[in-house]
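Report on the structure given below.
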Amino acid sequence: ICCELLIMDEQALLGLNPNADACYRQRALAYFEQLKESQDAWEVCAEALAKGIYSDDHVKFFCFQVLEHQIKYRHGALSALQQQLIRETLMKWLQSQLMNIHPEKPFIRNKAAQVLALTFVRDYLTLWPKFFFDILSLIGLNPHGVDIYLRTLMAIDAEVVDRDIQHSPEETRRNTLIKDSMREQCIPSLVESWFQILQAYQQSHSELTCQCLEVVGAYVSWIDLNLIANDRFVNVLLSHMSMEDLREEACDCLYEIVNKGMDPVDKTKLVESLCQVLQSAGFFNVEQEEDVDFLAKFSRLVNGMGQSLVLSWTKLSKVGDVKVAAETLRALEAKVPLLLQLLVHEDDDISANIVGFCYDYLHVLKQLPLLTDQQKANIEAIMLAVIKKLTYDDEYNFENEGEDEAMFVEYRKQLKMLLDRLAQVSPELLLESVQLLSCWQTAPFMEVEVAIRLLYMLGEALPASHGAHFSGDNAKVNTLQDMMRTLITSGVSEYQHSSVSLEFFETVVRYDKFFIVEPQHIASVLMAFLDHRGLRHASPKVRSRVAYLFSRFVKTLHKHMNAFIEDILSRIQDLLELAPPENGFPALLTSDDQLFMFETAGVLIVNAESPAERKQALMRSLLMPLTDAFRMLLAKLPEEADEERQTALADCLSHAVGFASRTSKAFSNKQTVKQCGCSEVYLDCLQIFLPALSCPVQRGSLRSAVRSFLHRMIICLEEEVLPFIPAASEHMLKDCEPKDLQEFIPLISQITAKFKGQVSPFLQQVFMPLVVAIFEVLGRPAEENDQTAALEKQMLRRSYFTFIQTVTGSGMNEVMANQGAENIERVLFTIIQGAVDFPDPIAQKTCFIILSKLVELWGGKDGLVGFPDFIYKHIVPACFMAPLKPTFDLSDAQTVLTLSECALTLKMIHLKRGAEFIHFLQHDYLPSLQVSPEITQELCQVLQQPDSKVVRNYMKVRTAPSVAYLFCLSAH
């Protein structure tokens with residue numbers, strides 16, 4: 001085969017080109033599989049690489065892939081000669097690179113480095129201890145060779161060191177041995193090679209120098225730091241800090257050096273010596289530096305140095321080394337002026353990179369018993385910097401937020417963390433710093449927005465239980481009250497910028513309890529919500545958010561709004577109109593926003609201090625436009641032939657039902673509906689909405705909307721809704737899709753659980769039609785790989801079992817008992833099947849709960865005729881067979897719960913059948929499974945224990961070591 005393949009399948013190789021036809025690509029894939037799996041056919045790829053037979057880049061990459069597969073997955077099966085061949089191939093290929101005028105493409109060099117790294121990992125400890133010496137002696141300082149060497153070192157780091165990559169315990173042990181061996185044998189030589197590369201190429205090959213700096217940064221975390229943190233290495237790194245092409249990578253390298261774990265005293269010395277050198281070289285003069293990319297890296301380096309000093313101080317303080325801890329704190333505080341320069345820098349990336357150090361420094365100050373004047377000044381300076389950096393810039397696009405805007409929002413979250421920490425260190429100073437603008441009319445929007453934003457942020461920064469900011473600490477309460485009073489009376493809500501408008505309403509709602517203390521301001525804020533500043537603002541984004549905020553505001557303060565209720569309802573009337581589908585004009589609010597408006601209207605009506613007749617009239621006037629529109633649109637829908645128009649009409653109808661449903665959220669239960677005289681209003685709605693269930697088109701969305709309304713009405717109207725349920729159920733069971741049934745079952749379960757015996761006749765009537773509909777849908781054929789259909793069926797099956805559980809658990813055994821013997825048997829077999837055959841622990845658990853309940857109801861002497869026979873023939877075997885299934889995975893929490901229910905079912909059988917059950921196990925069932933008498937005896941003793949936990953624990957213990965060991969079902 002080798003001779004034949006030395007020519008290689010040229011037709012297959014054509015398929016390696018990304019632009020090749022599908023048939024060639026398919027052939028290439030098949031050829032790749034052939035070469036991978038053959039014992040020695042892959043050797044042709046080794047030869048092609050060693051001799052440089054192919055010039056096509058895709059063929060070279062292909063050959064490396066074949067080699068990679070052998071090393072990764074078949075290395076142990078290769079002969080010693082074949083393993084030697086791989087090593088020789090790689091060295092010959094590397095040697096050929098030294099003579100090339102042009103280097104290979106980066107993707108080939110990266111793949112070669114990966115294959116070299118994999119070979120190193122497999123062979124270094126045993127077969128190739130001189131891996132690095134062989135490579136270094138071969139490449140010298142040849143730039144092409146050095147490039148491959150550095151890429152290989154990074155690939156080795158990824159395989160052996162990188163903590164982000166998951167390794168098995170065996171791989172972790174191997175990697176530790178490799179690192180230990182490298183430290184002993186070759187790390188000094190590697191470090192020397194890096195130094196030579198940095199010196200040789202810093203002027204001529206910036207790319208190689210940057211690669212080398214990346215290698216140093218990667219390896220410094222686990223090698224002897226003294227090999228790197230010495231005068232000659234640091235001087236080279238500092239010289240690179242002054243070279244435009246190298247300075248960013250040099251910064252990253254120094255960051256990794258500073259981040260290395262070490263003794264706190266040594267760490268402080270290292271950071272201090274590095275800082276002195278950087279300061280002497282002028283790097284601390286941040287304002288003179290124009291290269292923002294470099295400054296972002298430098299800021300990260302300073303952040304690393306600062307956090308290292310904080311960590312050293314923390315460790316030294318813990319061990320009580322007061323003198324050295326104080327020196328470390330002085331060193332730390334000496335960096336604060338630099339921290340402030342970077343924090344306040346106009347470039348947000350530079351500022352964001354220093355936030356970690358700033359946060360940790362504030363945490364240090366929080367732990368100090370007393371603050372010096374300088375420390376207080378530092379806190380104030382940080383606060384001013386945070387306030388400045390929270391401010392939007394002119395270029396922020398509020399109406400069409402893109403990536404830059406998203407990044408600023410994330411950056412603001414980091415600043416908020418600093419503000420929270422500042423509040424912990426000095427709450428008084430924070431309260432003093434938040435000043436609302438008195439001359440907002442002439443101030444730019446960003447200053448006005450940030451002033452209100454800071455007041456908003458105080459709500460989270462200053463602790464208050466359940467938002468009670470206006471009780472307790474007098475100083476804080478008075479200051480916050482003054483601020484809120486200023487915010488509302490200043491007229492700033494008139495400011496014509498969406499960011500200011502949003503911040504105003506967000507802040508008003510955050511501090512809604514202020515209006516309980518000073519209710520005289522409610523009227524003016526309500527007007528702001530209702531006019532051009534809020535719900536009628538020019539910006540859709542503001543209108544949408546204000547609809548939600550208005551809902552929250554009213555829910556908190558409705559008791560104080562009695563005087564304004566009818567005025568509010570009149571002012572929002574046009575916002576409660578159902579947007580007709582044929583209207584080409586965009587509505588002020590979206591349908592989602594209108595949901596909040598209808599809920600708000602409902603809350604206002606229900607909580608008004610008016611008589612029930614007036615509340616009923618208001619609720620009717622709120623809902624009647626919806627029901628009138630619903631009637632008209634429903635009549636149009638079946639006549640509409642165009643599918644898009646059909647969908648638009650159905651959406652409109654669904655919105656009408658959804659809005660009516662949302663108003664009912666204002667009621668807590670049937671009592672409040674009756675007290676408000678609104679039962680009749682909702683019953684009228686129900687009669688108008690129910691005909692939608694028989695609409696021949698757009699069934700899915702209409703059924704879903706009416707079903708949701710029924711759910712709400714069961715809560716609000718209770719038994720008054722019952723006369724409507726049979727007809728509604730009949731319509732919903734016609735021509736069902738899996739999703740329809742899945743959503744219908746919770747409705748029936750809700751009715752069953754709530755009304756129990758009251759609905760028994762109805763349930764007896766609907767039970768089998770529902771079961772038949774479910775199994776008709778479950779029996780429909782589906783594509784083998786259709787995951788969506790499989791999931792829909794699984795969810796439907798779960799819903800079905802949950803329904804049976806609700807029926808049996810609600811004490812209505814007559815519902816099933818009156819279905820006739822044949823139907824009962826059919827249902828029982830579906831439960832047995834669910835308990836044993838389907839690998840779905842959630843459904844299995846439910847099935848065992850049902851079986852246990854049925855045994856309790858029907859398993860005694862006066863139970864259902866023939867049921868004891870069913871117990872012994874089917875339920876007992878199910879309890880043993882389910883845990884024996886290979887899919888019964890005890891590492892899964894749901895499966896463990898299933899096992900517990902299985903044990904409880906056995907316990908219930910013993911409770912109902914007593915000695916007869918034990919006799920059956922001892923003399924019939926367990927012997928038929930060839931279980932030893934000892935294990936049979938052990939199990940029967942456990943089942944006779946009064947505490948059900950004993951059975952449960954026994955099954956866990958018996959099943960845990962291995963599924964097949966359950967109850968030690970071992971043959972003689």
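Each residue takes its place number in the sequence, starting with 1.
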Side chain to side chain, [X] and [Y], heavy atoms closer than 4.5 Å:
{"X": "R122", "Y": "R174", "result": "yes"}
{"X": "L637", "Y": "L702", "result": "yes"}
{"X": "L722", "Y": "Q758", "result": "yes"}
{"X": "L943", "Y": "L939", "result": "yes"}
{"X": "E901", "Y": "S852", "result": "no"}
{"X": "T936", "Y": "L921", "result": "no"}
{"X": "L747", "Y": "I714", "result": "yes"}
{"X": "H75", "Y": "L118", "result": "no"}

### Task
Walk me through it: do M908 and L911 pass the test side-chain contact (heavy atoms from CB on, under 4.5 Å)?
CA-CA 5 Å; M908 182 57 72; L911 190 69; 3.9 Å; yes
Taking the side chain from [X] and the backbone from [Y], do they hold a donor-acceptor pair closer than 3.5 Å?
{"X": "K907", "Y": "Q945", "answer": "yes"}
{"X": "Q82", "Y": "S79", "answer": "yes"}
{"X": "K756", "Y": "A753", "answer": "yes"}
{"X": "R913", "Y": "G859", "answer": "yes"}
{"X": "T895", "Y": "D889", "answer": "yes"}
{"X": "T808", "Y": "Q805", "answer": "yes"}
{"X": "T663", "Y": "A660", "answer": "yes"}

Taking side-chain hydrogen bond (donor to acceptor under 3.5 Å, both in side chains) as the definition, give me every residue that meets it alongside [X], ordered by chain and number, with sequence neighbours left out.
{"X": "D924", "answer": "none"}
{"X": "H910", "answer": "none"}
{"X": "R699", "answer": "none"}
{"X": "E719", "answer": "K670"}

### Task
Step by step, work out the ring-ring contact (aromatic ring centres under 6.0 Å, His included) result for F917 and Y925.
CA-CA 10 Å; F917 173 48; Y925 185 65; 9.4 Å; no
#### Entry: Working for side-chain contact (heavy atoms from CB on, under 4.5 Å), residues S729 and F744
CA-CA 8 Å; S729 300; F744 175 65; 3.6 Å; yes
### Query
Do L854 and L828 pass the side-chain contact (heavy atoms from CB on, under 4.5 Å) test, and can you show the C-alpha distance, the side-chain angles, and the key distance before you say yes or no?
CA-CA 10 Å; L854 290 175; L828 289 175; 3.5 Å; yes
### Query
F801 and G834: which non-hydrogen atoms are nearest, and at how many Å?
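So the two residues come closest at CZ-CA, 3.6 Å.
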### Query
Among pairs that include at least one residue of residues 823-834, which meet side-chain hydrogen bond (donor to acceptor under 3.5 Å, both in side chains), considering only residues two or more places apart or in two chains?
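Counting only pairs at least two positions apart or across chains, the side-chain hydrogen bond (donor to acceptor under 3.5 Å, both in side chains) contacts touching residues 823-834 are Y800-T830.
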### Task
Keeping to residues at least two apart or across chains, list the side-chain hydrogen bond (donor to acceptor under 3.5 Å, both in side chains) pairs with something in residues 875-884.
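Sorted pair list comes back empty.
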Residues in ring-ring contact (aromatic ring centres under 6.0 Å, His included) with [X], at least two apart?
{"X": "H919", "answer": "H923"}
{"X": "F803", "answer": "F767"}
{"X": "Y872", "answer": "F920"}
{"X": "H655", "answer": "none"}

### Query
Are F689 and Y682 close enough that their ring centres sit under 6.0 Å apart?
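So the answer is no for these two rings.
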### Query
Salt bridge check: are R173 and E170 linked by an N-O gap of less than 4.0 Å?
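No, this pair does not count.
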### Task
Answer yes or no: is there an ion pair linking D840 with R797, defined by an N-O contact shorter than 4.0 Å?
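Answer for the salt bridge query: no.
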Determine all donor-acceptor pairs shorter than 3.5 Å in which one atom belongs to a side chain in residues 703-711; sequence neighbours excluded.
unit_1 : atom_1 : unit_2 : atom_2 : d
R703   : NH1    : K734   : O      : 3.0
R703   : NH2    : H731   : O      : 2.9
R703   : NH2    : K734   : O      : 2.7
S704   : OG     : E743   : OE1    : 3.4
R707   : NH2    : E743   : OE1    : 2.3
S708   : OG     : S704   : O      : 3.1
H711   : ND1    : Q750   : OE1    : 2.5

What donor-acceptor contacts under 3.5 angstrom involve side-chain atoms of residues 768-779, with partners at least two apart or in another chain?
unit_1 : atom_1 : unit_2 : atom_2 : d
E776   : OE1    : R780   : NH2    : 2.9
E776   : OE2    : R780   : NE     : 3.2

### Query
Quick one: CG on L763 to CD1 on I751, what's the gap to the nearest 0.5 Å?
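That separation rounds to 8.0 Å.
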### Message
Would L857 and F867 count as a side-chain contact (heavy atoms from CB on, under 4.5 Å) here? Give the steps.
### Response
CA-CA 10 Å; L857 293 169; F867 192 71; over 6 Å; no
### S760 and Q764 side chains, donor-acceptor separation under 3.5 Å
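Side-chain D/A pair, Q764 to S760: present.
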### Task
Please determine, by modelled atom types, if R712 and S664 share a side-chain donor-acceptor pair under 3.5 angstrom.
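A donor-acceptor contact under 3.5 Å links the two side chains.
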